[in-house]
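FYI, the numbering just counts along the sequence from 1.
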Amino acid sequence: QVQLVESGGALVQPGGSLRLSCAASGSIVSISAMSWYRQAPGKQRELVAQITAGGSIDYTDSVKGRFTISRDNTGNTVLLQMNTLKPEDTAVYYCSADLTYKNRLRYYTGNFWGQGTQVTVSS
């Protein structure tokens with residue numbers, strides 16, 4: 001019913017930039033929040049940035065001033081602009097959405113995840 005697809009991951013040199021995109025599709029009625037998480041090898045998954053339908057934005061401290069999260073006009077695509085990348089930003093980046101969707105005649109709320117996109121920062 002609902003699918004999240006990420007794109008934009010790549011190998012980039014330290015100091016470089018990348019832009020990740022996550023598109024949500026399906027029988028979506030509304031999205032209350034969209035988030036980016038990341039998981040580095042041997043580490044727990046951590047919240048990187050979140051944007052709500054009301055426009056509230058939060059970042060984890062390590063990316064403040066370097067990363068920018070935004071949503072497009074449809075509200076179903078979330079972007080993560082990553083600048084001044086560091087080797088410690090290397091991870092698989094996942095998109096997550098808290099949303100309401102319709103299945104036949106009923107409405108449901110749920111949390112959905114994308115498949116992840118690899119970001120590697122290395123010289």
Side-chain angles (χ1 to χ4, degrees):
Q1 293 293 325
V2 175
Q3 189 176 19
L4 272 62
V5 178
E6 302 110 331
S7 62
L11 170 64
V12 63
Q13 291 187 343
S17 298
L18 280 177
R19 188 175 78 165
L20 305 183
S21 177
C22 171
S25 62
S27 303
I28 298 170
V29 175
S30 63
I31 300 177
S32 59
M34 297 189 81
S35 307
W36 286 98
Y37 287 76
R38 67 186 179 186
Q39 187 166 20
K43 295 188 177 181
Q44 289 188 332
R45 189 172 298 187
E46 66 168 343
L47 176 64
V48 176
Q50 182 181 76
I51 183 167
T52 69
S56 296
I57 293 175
D58 287 306
Y59 298 98
T60 190
D61 287 345
S62 63
V63 308
K64 287 180 180 177
R66 299 188 299 121
F67 290 11
T68 302
I69 190 171
S70 62
R71 290 172 69 171
D72 73 347
N73 290 336
T74 69
N76 287 4
T77 297
V78 63
L79 305 174
L80 186 68
Q81 178 67 42
M82 305 186 295
N83 299 326
T84 319
L85 283 161
K86 303 176 181 180
E88 51 264 43
D89 294 318
T90 296
V92 178
Y93 284 70
Y94 297 91
C95 172
S96 173
D98 298 317
L99 55 83
T100 300
Y101 64 98
K102 186 176 181 180
N103 186 0
R104 298 187 181 181
L105 298 179
R106 300 188 65 177
Y107 294 86
Y108 300 86
T109 59
N111 176 251
F112 292 83
W113 290 79
Q115 81 288 352
T117 185
Q118 176 70 46
V119 172
T120 303
V121 185
S122 175
S123 55

Within this structure, what is the CD1-CD1 distance for the pair I57 and I51, rounded to the nearest 0.5 Å?
4.0 Å
Atom CD of Q44: over 12 foreign heavy atoms under 6.0 Å:
no
Transitive ILVMFWY cluster of L47 at side-chain heavy atoms under 4.5 Å: who else is in it?
Y37, V92, Y94, W113
For residues 64-83, the ring pair (Phe, Tyr, Trp, His ring centres under 6.0 Å) pairs (sequence neighbours left out) are none
Does anything in residues 90-119 pair up under salt bridge (Lys or Arg N to Asp or Glu O under 4.0 Å), and if so which pairs, sequence neighbours excluded?
none
Identify, with sequence neighbours excluded, every residue that meets ring pair (Phe, Tyr, Trp, His ring centres under 6.0 Å) alongside Y107.
none
Least distance between heavy atoms, L4 atom then C95 atom
CD2-SG, 3.6 Å
For a quick test of reading the model, state the closest non-hydrogen atom pair linking I31 to A97 and the distance between them.
CG2-CB, 4.4 Å
We want to know whether T90 and E88 form a side-chain donor-acceptor pair, criterion being a heavy-atom distance below 3.5 angstrom.
no
Those residues at least two apart in sequence (or on a different chain) that pass side chain to side chain donor-acceptor pair (under 3.5 Å) with S96 are N111
Taking side chain to side chain donor-acceptor pair (under 3.5 Å) as the test, write out the residues that go with T117, two or more places apart.
none
So salt bridge (Lys or Arg N to Asp or Glu O under 4.0 Å) across residues 46-70, not counting sequence neighbours, yields R38-E46, D61-K64, R66-D89
About how many Å separate OH of Y59 and CD1 of I69, when rounded to the nearest 0.5 Å?
6.5 Å
Sequence-distant partners of T100, side chain to side chain donor-acceptor pair (under 3.5 Å), two or more places apart
none
Tell me, yes or no, whether the heavy-atom count around R45 atom CZ, taken from other residues, nucleotides or ligands under 6.0 Å, exceeds 12.
yes
Can you check side chain to side chain contact (heavy atoms under 4.5 Å, CB included) on T109 and L99, steps first, answer last?
CA-CA 6 Å; T109 59; L99 55 83; over 6 Å; no
At what distance, to the nearest 0.5 angstrom, does SG of C22 lie from CH2 of W36?
5.0 Å
In the hydrophobic clustering (ILVMFWY, side-chain contacts below 4.5 Å, transitive), which residues join L105, or is it alone?
none
One should read off an interatomic distance between I28 CD1 and Y101 OH, to the nearest 0.5 angstrom, of 11.0 Å
Drop me the distance from E6's CD to Q118's CD, to the nearest 0.5 angstrom.
12.0 Å
In terms of hydrophobic clusters joined by side-chain contacts under 4.5 Å, are V5 and V2 together?
no
Residues two or more places apart in sequence or in another chain: which of them pass side chain to side chain donor-acceptor pair (under 3.5 Å) with S122?
none
Distance, nearest 0.5 Å, that separates OH of Y108 from CD of Q1:
9.0 Å
Name every donor-acceptor pair, under 3.5 Å, that has one atom in a side chain of residues 74-81 and the other anywhere in the protein, sequence neighbours excluded.
| unit_1 | atom_1 | unit_2 | atom_2 | d |
| --- | --- | --- | --- | --- |
| T74 | OG1 | D72 | OD1 | 2.8 |
| T74 | OG1 | D72 | OD2 | 3.0 |
| T74 | OG1 | N76 | N | 3.1 |
| Q81 | NE2 | N83 | OD1 | 2.9 |

Please name all residues satisfying side chain to side chain contact (heavy atoms under 4.5 Å, CB included) with A40, sequence neighbours left out, ordered by chain then number.
K43, A91
